[in-house]
There are 2 protein chains.
Amino acid sequence: MTGQKIRNMEEFARVSGISRPTVSKYFNDPTSVRASTRSRIEAAIEQHDYRPNIYAMNQNRKLTKNVGIVVPLLSDPYFAEIARNLEQRCLADGYRPTLFSSHGDAALEVEVLDTLRAMKPAGVLLAPLGRASDYRALEAFCKDVPTLIFDSSVQEIGLGFVGSDNFQFTSHITDYLCRTGEPPCFFEMKTPANPNAHRRRQSYVAAMERFGFEPDVISVDGEGWGFEEIGRLGGYEAIKQNRFSTNTVLCSNDRLAIGLLTACYEQGVKVGRGKDCSIRVAGQDGHPHSRYTCPPLTTISHNYDAVSQTAADALFAAIEGQVTPWKSTRLEGSLILRDSA
Amino acid sequence: MTGQKIRNMEEFARVSGISRPTVSKYFNDPTSVRASTRSRIEAAIEQHDYRPNIYAMNQNRKLTKNVGIVVPLLSDPYFAEIARNLEQRCLADGYRPTLFSSHGDAALEVEVLDTLRAMKPAGVLLAPLGRASDYRALEAFCKDVPTLIFDSSVQEIGLGFVGSDNFQFTSHITDYLCRTGEPPCFFEMKTPANPNAHRRRQSYVAAMERFGFEPDVISVDGEGWGFEEIGRLGGYEAIKQNRFSTNTVLCSNDRLAIGLLTACYEQGVKVGRGKDCSIRVAGQDGHPHSRYTCPPLTTISHNYDAVSQTAADALFAAIEGQVTPWKSTRLEGSLILRDSA
DNA sequence: CCCAAAAATTTACGCGCGTAAAAATATTAT
DNA sequence: ATAATATTTTTACGCGCGTAAATTTTTGGG
């Protein structure tokens, strides 16, 4: 960093000995200028620490390089993890990601979408709240902004959908549980926030019927996104009332399972597959925390990398002009065997 | 939403029957125009769904309404929670928050700061990585942008510091442990990422000496931000080698404690204060997850609301012109008694 | 060395809004 | 009602950059 402060691209062009339109071209796409020009500009950037004014840049551009990433709840490490993954893929492809959380609130989700619209982003990666979402608002947004839906599918809106194959998830882990012990009961929320939960229940029922077992679904009360507490309270009641018809419980997701494990602990019910254990508990999601429960949680994990990779690639392709019909991609999960089941 | 699309403020001013400069004034501060004018503008906004172009708005403004929020690691629910809190306080005060995570990487932290600088924010709420931070970069940033440091203090830079009183934290929970059973050993990382860890160790040693007990600090290896795994591996070794001189372990933070609990589980060491238990474990932070460990973790919790409130208020006051000398505010935590200790 | 193609330069305009200054109008106090 | 004050309107310019068109320069191949 030498010399006096550069105020704008005009001045920067002068000191770097390149014309302003060429410099502008460079900032829009460094590969669009000749290599020798590029290195001269880059030397000048290095020397004068110049960065174009992002507001002036985006004002006249039809398409900014901004990408919005929206998740339902950033304080859920699952979403935090996938958001981080997406963020870095955006950066790697030269986009400027901005992270938003709906904080589990449909009104906030709409506000986020409004904010996003004002940003005129090149595209948006959106994980909707699900059941609570204002569907019409999402639909309208998708019409204005290239949007790829991930994690939880809401009709056929946007450019497409990328997420996990919930049928495969539940089918696979139900299979595992059936083969290694008593067939599982299914532990879920009565009114889940997320539509994936319905698919998982259906898949459980189908898998059980394939095995010739009687499905047993325990649906517990509770609203909102405090899944652990819902699992703990519901689990407490279920254990007390002896509502689990077998010694194995498959939870609709890991966070519920974490709550159920706490309920088991509090009632002295030993969890695991040892001979001294009275219940097996499994989750679904491969939640970052599942490794550290006691006992460590058997679960079926999202393929975080593949989901974010596929989602980001699909969005970037669409941004760069590729037109493809609406498409749903559902990736398989992999079983993580631990001590809980 | 009626009529055709409004393209810019000029058109919007025309249809709303107000002059453009007045409309501009309204968008900068709705209270700066007469109530009757305000309601006419608001009616027109309602009707035409107009929003000014944020890029054009910010281009000429000396001070945008943007506020940056930077945390070291968004996938840590503690930071996610405090970030959420700060975000909503910004919104409530009419600022536009943007969330950033350094993802535990000092180079990324510097990049975030560069991005932030380009946004010309009114102010920034920054929780530094700590030990790994590029101190000179932080210092330079604080000179350019009004920055309030929170969570983890790095010299006397920025407008001030707001965080928890780590001495009080450790002193308080050490007191509790000493009074209710054997005095605690202290379980920590040898090279912690966060400077708060040093304060906590010092405070532990001081508290033990006050009681006339011999301090016993167990420092385990491990780099980075995977605290649970570090706690689990370090805990595993410590238990195996019988390195805890008493039956009580105070962990430097909750995430280490969570890992230690897993290590205990894996070695069949029963944790809690019951007669059948062989070890007591306590954490520090009041991590969102601490309620759901097995056994639930006794800890001393940050006052999330007060920290974010104080930090946000201090920043907003400075933005609005209030000049105050650099000041460090450290808030007390409160003990959360659960079954682990 | 010449020529066609590629790249850079010159010139010029416009984006949407902030903002300043002077004039006109509305509101409030006297 | 009148003066004093607060608000709004009119007018006008500029911010920093995107971008288009015409021109000039550079490049690489034969």
Side-chain angles (χ1 to χ4, degrees), chain A residues 4-45 48-66 94 96 115 117-122, chain B residues 4-45 48-66 94 96 115 117-122:
Chain A
Q4 78 302 342
K5 257 285 185 288
I6 303 298
R7 321 180 60 90
N8 55 35
M9 197 180 280
E10 190 84 48
E11 278 187 29
F12 176 75
R14 193 163 39 240
V15 299
S16 62
I18 309 280
S19 72
R20 189 176 72 73
T22 302
V23 171
S24 171
K25 205 150 175 287
Y26 166 85
F27 280 111
N28 282 321
D29 176 10
T31 69
S32 70
V33 301
R34 203 188 295 145
S36 62
T37 310
R38 179 160 62 242
S39 53
R40 285 172 67 194
I41 294 177
E42 275 158 3
I45 292 176
H48 296 94
D49 194 34
Y50 169 74
R51 325 194 77 195
N53 180 313
I54 54 172
Y55 300 109
M57 273 183 61
N58 289 327
Q59 173 177 1
N60 281 339
R61 227 211 277 289
K62 54 214 89 193
L63 211 62
T64 69
K65 279 280 194 178
N66 297 329
R96 283 178 30 95
T115 304
R117 216 188 298 254
M119 287 179 59
K120 302 189 195 300
Chain B
Q4 78 302 344
K5 259 284 187 290
I6 302 297
R7 320 180 62 91
N8 55 36
M9 196 180 279
E10 190 84 48
E11 278 188 30
F12 176 74
R14 195 163 38 241
V15 299
S16 62
I18 307 282
S19 72
R20 189 177 72 75
T22 302
V23 171
S24 172
K25 205 150 176 286
Y26 166 86
F27 280 110
N28 281 321
D29 176 9
T31 69
S32 70
V33 301
R34 202 188 295 146
S36 61
T37 311
R38 179 160 62 240
S39 52
R40 284 171 68 193
I41 294 177
E42 274 158 4
I45 293 176
H48 296 93
D49 194 34
Y50 169 74
R51 326 195 76 193
N53 181 313
I54 55 172
Y55 300 110
M57 273 183 62
N58 288 328
Q59 173 177 359
N60 281 338
R61 228 212 276 290
K62 53 216 89 191
L63 208 63
T64 70
K65 279 283 193 174
N66 297 329
R96 283 180 31 94
T115 304
R117 217 189 297 254
M119 287 179 60
K120 301 188 195 302

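Letters A, B, ... mirror the listed sequences (proteins, then strands); counts begin at 1. Only this structure's heavy atoms are used, side chains among them; waters, hydrogens and symmetry mates stay out.
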Which of residues 18-36 of chain B have a heavy atom under 4.0 Å from DNA chain C?
->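 Within residues 18-36 of chain B, the residues near DNA chain C are Arg20(B), Ser24(B), Asn28(B), Arg34(B).
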Atom pair distance, as rounded to whole Å: [atom1] in [X] and [atom2] in [N]:
{"X": "Asn53(B)", "N": "dG16(D)", "atom1": "CG", "atom2": "C1'", "value": "14 Å"}
{"X": "Arg7(B)", "N": "dC17(C)", "atom1": "CZ", "atom2": "C1'", "value": "16 Å"}
{"X": "Gln59(B)", "N": "dG14(D)", "atom1": "CD", "atom2": "C1'", "value": "9 Å"}
{"X": "Asn60(B)", "N": "dA20(C)", "atom1": "CG", "atom2": "P", "value": "11 Å"}
{"X": "Lys65(A)", "N": "dC17(D)", "atom1": "NZ", "atom2": "C1'", "value": "17 Å"}
{"X": "Arg14(A)", "N": "dT9(C)", "atom1": "CZ", "atom2": "C1'", "value": "15 Å"}
{"X": "Met57(B)", "N": "dG16(D)", "atom1": "CE", "atom2": "C1'", "value": "17 Å"}
{"X": "Arg38(A)", "N": "dA7(C)", "atom1": "CZ", "atom2": "C1'", "value": "13 Å"}

Is Tyr55(A) near enough to dG18(C) that one of its side-chain N or O atoms lies under 4.0 angstrom from OP1 or OP2?
->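 No.
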Does OP1 or OP2 of dT8(D) have a side-chain N or O of Thr37(B) closer than 4.0 Å?
->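 Answer yes for this pair, as a side-chain N or O of Thr37(B) is under 4.0 Å from OP1 or OP2.
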Any non-hydrogen side-chain atom of [X] less than 4.5 Å from a side-chain atom of [Y]?
{"X": "Thr37(A)", "Y": "Thr22(A)", "value": "yes"}
{"X": "Phe12(A)", "Y": "Arg7(A)", "value": "no"}
{"X": "Ile41(B)", "Y": "Tyr50(B)", "value": "no"}
{"X": "Ile45(B)", "Y": "Phe27(B)", "value": "yes"}
{"X": "Ile18(A)", "Y": "Arg40(A)", "value": "yes"}
{"X": "Lys120(B)", "Y": "Asn58(B)", "value": "no"}

How far apart are the closest heavy atoms of Pro121(B) and Thr64(B), and which atoms are they?
->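 Nearest pair, atom of Pro121(B) first, then Thr64(B): CA-OG1, 3.5 Å.
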Measure from the side-chain heavy atoms of Arg61(A) and tell me the nearest of dC17(C), dT19(D), dG14(C).
->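 Looking only at heavy atoms from C-beta outward on Arg61(A), the closest nucleotide is dT19(D).
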Hey, which sits more toward the 5' end of DNA chain D by its nearest nucleotide, Glu10(A) or Arg40(B)?
->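 Per heavy-atom nearest nucleotide, the more 5' residue is Arg40(B).
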